[in-house]
J.: 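My structure is below; once you've seen it, I'll send some questions.
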Amino acid sequence: MEFDFSPVVDSWRYLLDGVGISLMLSVWTMLGSLALGAAVGLGRVYGSAWLRVPLVFYIDTMRSIPVLVVLVWIYFAMPLLTGLNLSPFWSAAVALSLHIAAYVAEIIRAGIQSVREGQTRAGLALGMSTAQVVRVIVLPQALVRMLPAFGSIVSVTIKDTAIASVIAVPELLRRSETLAGQSFRPIEVFTAAMLIYFLLLVPATRLIDLLYRRVAHLGRS
Amino acid sequence: MTLDWSIVWEYREDLLHGVLLTIALTVITMIVAIPGGIILAMMRLSRSRILSTISLCFVELFRNLPLILVVYWAFYVMPIVLGIQIAAFETGLIALCLNVSAYNGETFRAGINSIREGQVNAGLALGMSRWQVMREIVIPQATRRVLPVLASTWVSLFKDTSLVSVIAVGELAHVALQIRSQTFRVMEMLTAMAVIYWLLGYPQAKLVDWIHSKFKVAE
Amino acid sequence: MTMIAPKESGSTPSPVLIYEKVRKLYGEFVALDEVSLRVDAGEVVCLIGPSGSGKSTLLRCTNALEPISGGTIYFDGRALPSVDRDIRKVRQRMGMVFQNFELFPHKSALDNVAIGPMTVLGMPKTQARERARALLAKVNLADKVDSFPSNLSGGQQQRVAIARALAMEPEVMLFDEPTSALDPETIGEVLNVMKALAEEGMTMIVVTHEMAFARRVADRVAVFEHGTILEHGSPEQIFENPETARTRDFLSHLGWDG
């Protein structure tokens with residue numbers, strides 16, 4: 001069997017733009033899921049009982065259905081319901097954010113609950129209000145403890161952006177498919193795509209591991 | 001917008017067939033990937049540098065690749081490399097097994113490594129053999145740590161089976177999307193698909209929560 | 001000559017804390033059963049007794065970290081409030097030191113001490129840090145201001161925790177087994193700081209298993225068992241001449257032979 005990587009080499013610009021779109025989608029998804037996940041996670045821990053019911057339902061629903069299902073529903077069905085037409089890119093950003101936010105919310109909840117009760121007591125004993133205890137004592141420690149989990153969220157996000165190829169977002173995987181079809185060189189093209197994803201993902205997760213190792217003591221009460 | 005939900009009932013047999021394939025993919029993948037993960041963990045922890053490196057590369061590779069890309073890769077590359085035609089179902093199954101075995105390998109490795117060395121030394125000090133220490137001390141403790149993670153992986157796997165729809169494996173997502181494009185009942189079909197996944201996935205997610213709370217490790 | 005009264009004589013001692021038939025229940029379990037006690041200004045009261053006898057519970061109730069189930073706790077003449085805002089006002093006037101230090105791991109020693117005045121009293125950062133620096137010097141940790149809790153020994157952490165409580169300029173200090181989690185060689189440095197504090201006239205309630213400390217530093221000792229005070233009195237009285245057999249038993253179990 002002969003390998004011919006020239007289609008990949010010839011179209012490097014095309015694929016590189018795809019990488020750019022994958023990364024843009026990852027960044028927007030991270031921002032969206034962090035904002036939404038933080039709101040849901042905090043609401044779940046500190047919110048009133050009636051607020052918790054819908055939040056838990058939302059989290060468990062997202063844990064129960066595939067991200068692909070959310071994606072195609074947002075892209076194909078939501079416009080029929082709302083009349084709002086989002087581009088494939090923004091549909092993907094919204095769908096991935098909705099899905100990943102549920103995991104972020106769970107991470108935030110677990111992080112907060114892992115901070116020892118005694119820390120809260122120490123803050124209260126100084127005369128702090130509950131809000132001050134949360135802001136000054138619990139959250140900073142919880143954030144440090146959440147870092148490794150956020151590392152896996154970064155990795156999951158980049159991987160999930162590949163699913164956006166299903167609704168024709170021209171990111172790396174979509175462009176690889178196109179190129180594979182045009183060049184009749186699927187082995188070379190998909191292997192190259194694998195290599196690129198691997199090279200994107202490994203440093204991203206390693207970087208967060210490294211950062212965590214440097215700050216871990218700040219969360220160890 | 002007028003909705004016609006009867007379409008869901010009309011295609012109930014196709015949908016049911018899709019559900020069965022989704023379940024089959026999940027179950028068979030796990031049946032393969034648990035021994036697969038154990039072998040990978042054993043290789044990784046073995047004294048052979050070669051086996052250990054092979055396992056590390058395998059695990060790191062498949063954990064750092066989008067599953068959907070692995071599915072495409074299996075679909076296009078395997079027939080050429082192996083020189084045989086493989087059905088879509090088997091292709092999807094292979095991709096899932098590669099992915100989940102890698103995750104399970106890491107789960108088993110971390111589970112075994114999480115047992116403090118003092119526990120092993122305590123066993124050895126009693127005069128146990130390495131194998132006895134493994135069987136009597138390490139594995140029972142590691143199981144408590146491994147089971148909850150396996151349960152979470154199970155639910156992820158159940159959801160990830162939807163990704164093999166891109167190579168036309170007739171599982172639930174593919175069936176529903178097909179019906180959608182044939183009948184143009186987009187809203188109904190996509191919502192029905194979401195609801196069916198929810199009905200299947202929600203109890204599993206709750207079961208995972210239960211397993212996590214039951215096996216909460218007291219240090 | 002009659003003009004200059006000797007110190008403390010003549011003026012009746014003023015109570016800082018009065019416990020009146022305080023009860024605390026955890027479900028069925030009676031943690032405190034009608035405990036009555038009075039702590040005067042400048043007094044050091046040590047609470048001793050077996051684990052689970054209610055000493056620590058009484059401290060947490062004093063600080064309203066736990067609500068009481070019955071009776072009353074008076075602080076400075078007023079019953080402990082139940083409204084959150086008023087509770088915070090009271091807590092600001094009491095310092096508490098915990099068994100496990102509970103330093104904030106994400107803050108340096110200096111900021112651990114400064115954080116109370118900054119967040120609770122709204123003190124400017126420079127001023128709060130100045131106060132913190134002085135207090136850390138007072139507990140002999142002037143050279144550790146920039147260290148993080150993870151780099152401090154247990155004894156050092158506990159001294160930072162004492163400085164943190166003092167930073168709020170409390171009227172009473174509550175110590176909840178402050179040396180129980182410490183290595184034997186660092187217990188002394190913490191007890192010395194506490195002793196110095198007592199000599200300055202700080203009102204202190206100390207839950208402790210350090211009998212030598214109670215014997216030497218306390219003005220009064222109260223012996224707890226099963227949520228009640230078996231007896232209380234001067235250290236001489238309790239250690240040399242205990243009234244009840246139970247107290248004698250408890251002391252002899254600890255190896256105290258008078």
Side-chain angles (χ1 to χ4, degrees), chain A residues 1 22 57 59-81 83 99 102 106 110 152 155-156 158-166 172-173 176-177 180-181 185-191 193-206, chain B residues 1 3 22 60-81 83 99 152 155-156 158-166 172-174 176-177 180-181 185-191 193-206 208-209 212:
Chain A
M1 193 175 354
S22 288
F57 180 78
I59 292 170
D60 287 341
T61 295
M62 286 302 164
R63 288 171 58 207
S64 316
I65 61 179
V67 63
L68 175 76
V69 173
V70 182
L71 184 72
V72 293
W73 199 92
I74 294 279
Y75 183 61
F76 293 112
M78 202 184 65
L80 303 177
L81 198 68
H99 197 255
E106 283 294 89
S152 58
S155 152
V156 165
I158 296 175
K159 284 190 273 183
D160 277 1
T161 60
I163 301 172
S165 61
V166 172
L172 177 57
L173 182 60
S176 305
E177 276 178 74
R185 286 280 168 196
I187 300 186
E188 291 85 345
V189 174
F190 281 116
T191 304
M194 274 182 152
L195 192 70
I196 298 172
Y197 272 111
F198 189 78
L199 291 178
L200 286 179
L201 280 157
V202 171
T205 45
R206 283 284 176 285
Chain B
M1 183 175 45
L3 294 176
T22 292
E60 285 300 305
L61 178 69
F62 284 102
R63 271 160 42 94
N64 283 299
L65 285 180
L67 174 58
I68 190 169
L69 172 58
V70 178
V71 172
Y72 277 121
W73 191 82
F75 184 72
Y76 286 109
V77 178
M78 274 196 327
I80 300 174
V81 174
N99 178 268
S152 298
V155 175
S156 299
F158 161 74
K159 298 196 289 175
D160 282 347
T161 57
S162 64
L163 295 179
V164 301
S165 63
V166 297
L172 178 56
H174 187 254
L177 291 169
R180 172 207 59 141
S181 53
R185 310 283 357 164
V186 175
M187 188 72 202
E188 295 87 334
M189 236 24 253
L190 292 186
T191 306
M193 167 168 76
V195 169
I196 296 171
Y197 269 113
W198 189 89
L199 289 173
L200 293 169
Y202 189 85
Q204 297 180 43
K206 283 289 140 194
V208 168
D209 288 345
H212 274 267

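Letters A, B, ... mirror the listed sequences (proteins, then strands); counts begin at 1.
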J.: If we only count heavy atoms from C-beta on, is the K159(A) to L67(B) side-chain gap below 4.5 Å?
T.: no

J.: For A173(B), is it the side chain, the backbone, both or neither that has a heavy atom under 4.5 Å from a heavy atom of chain A?
T.: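 Contact with chain A involves the side chain of A173(B) alone.
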
J.: Under a 4.5 Å heavy-atom cut-off, does chain A meet the side chain of R63(B), its backbone, both or neither?
T.: backbone

J.: Above 12 or not: heavy atoms from other molecules or residues under 6.0 Å from CH2 of W73(B)?
T.: no

J.: For V202(A), which atoms come within 4.5 Å of any heavy atom of chain B: side chain, backbone, both, or neither?
T.: both

J.: I'd like to check the side chain to side chain donor-acceptor pair (under 3.5 Å) partners of R63(A); sequence neighbours left out, ordered by chain and number.
T.: D60(A), D209(B)

J.: Looking at CG of L69(B) and CD of E177(A), how far apart are the two atoms once the value is rounded to the nearest 0.5 Å?
T.: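 One finds 9.5 Å between CG of L69(B) and CD of E177(A).
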
J.: Assign the ring pair F190(A) / Y76(B) to parallel, tilted or perpendicular, where the plane angle (0 to 90°) is split at 30° and 60°.
T.: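 Parallel.
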
J.: Which bit of Y75(A) comes within less than 4.5 Å of chain B, counting heavy atoms only: side chain, backbone, both or neither?
T.: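 Answer is neither: Y75(A) stays 4.5 Å or more from chain B.
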
J.: Please name the pair of heavy atoms, one in L68(A) and one in S162(B), separated by the smallest distance, quoted to 0.1 Å.
T.: CD2-O, 3.4 Å

J.: What distance do L65(B) atom CG and L195(A) atom CG have between them, rounded to the nearest 0.5 Å?
T.: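 With rounding to 0.5 Å, CG (L65(B)) is 9.5 Å from CG (L195(A)).
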
J.: Using heavy-atom distances under 4.5 Å, tell me whether S165(A) contacts chain B through its side chain, its backbone, both, or neither.
T.: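 Looking at S165(A), just its side chain touches chain B.
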
J.: Checking side-chain contact (heavy atoms from CB on, under 4.5 Å) for the pair V72(A)/M193(B): CA distance, chi angles, key distance, verdict?
T.: CA-CA 10 Å; V72(A) 293; M193(B) 167 168 76; 3.5 Å; yes

J.: Can you name the residues that form a side chain to side chain contact (heavy atoms under 4.5 Å, CB included) with A162(A), not counting sequence neighbours?
T.: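 Listed in chain order: E171(A), L173(A), Y197(A), P66(B), I68(B).
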
J.: Determine the option with the most heavy-atom pairs under 4.5 angstrom with chain A, choosing from L61(B), V155(B), D160(B), V166(B).
T.: L61(B)

J.: Using non-hydrogen atoms and a 4.5 Å limit, figure out which bit of F75(B) sits close to chain A: side chain, backbone, both or neither.
T.: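 Neither part.
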
J.: Under a 4.5 Å heavy-atom cutoff, which of V186(B), L200(B), L172(B) has the most pairs with chain A?
T.: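 Result: the option with the highest number of such pairs is V186(B).
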
J.: To the nearest 0.5 Å, what is the distance between CG on L190(B) and CG on L80(A)?
T.: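 L190(B) CG to L80(A) CG: 8.5 Å, rounded to 0.5 Å.
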
J.: Measuring heavy-atom distances to chain A, does T161(B) have an atom under 4.5 Å in its side chain, in its backbone, in both, or in neither?
T.: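 Answer is neither: T161(B) stays 4.5 Å or more from chain A.
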
J.: What part of E60(B) lies closer than 4.5 angstrom to a heavy atom of chain A: side chain, backbone, both or neither?
T.: both

J.: Once you round to the nearest 0.5 Å, how far does CE of M189(B) lie from CH2 of W73(A)?
T.: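 CH2 of W73(A) is found 14.5 Å from CE of M189(B).
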
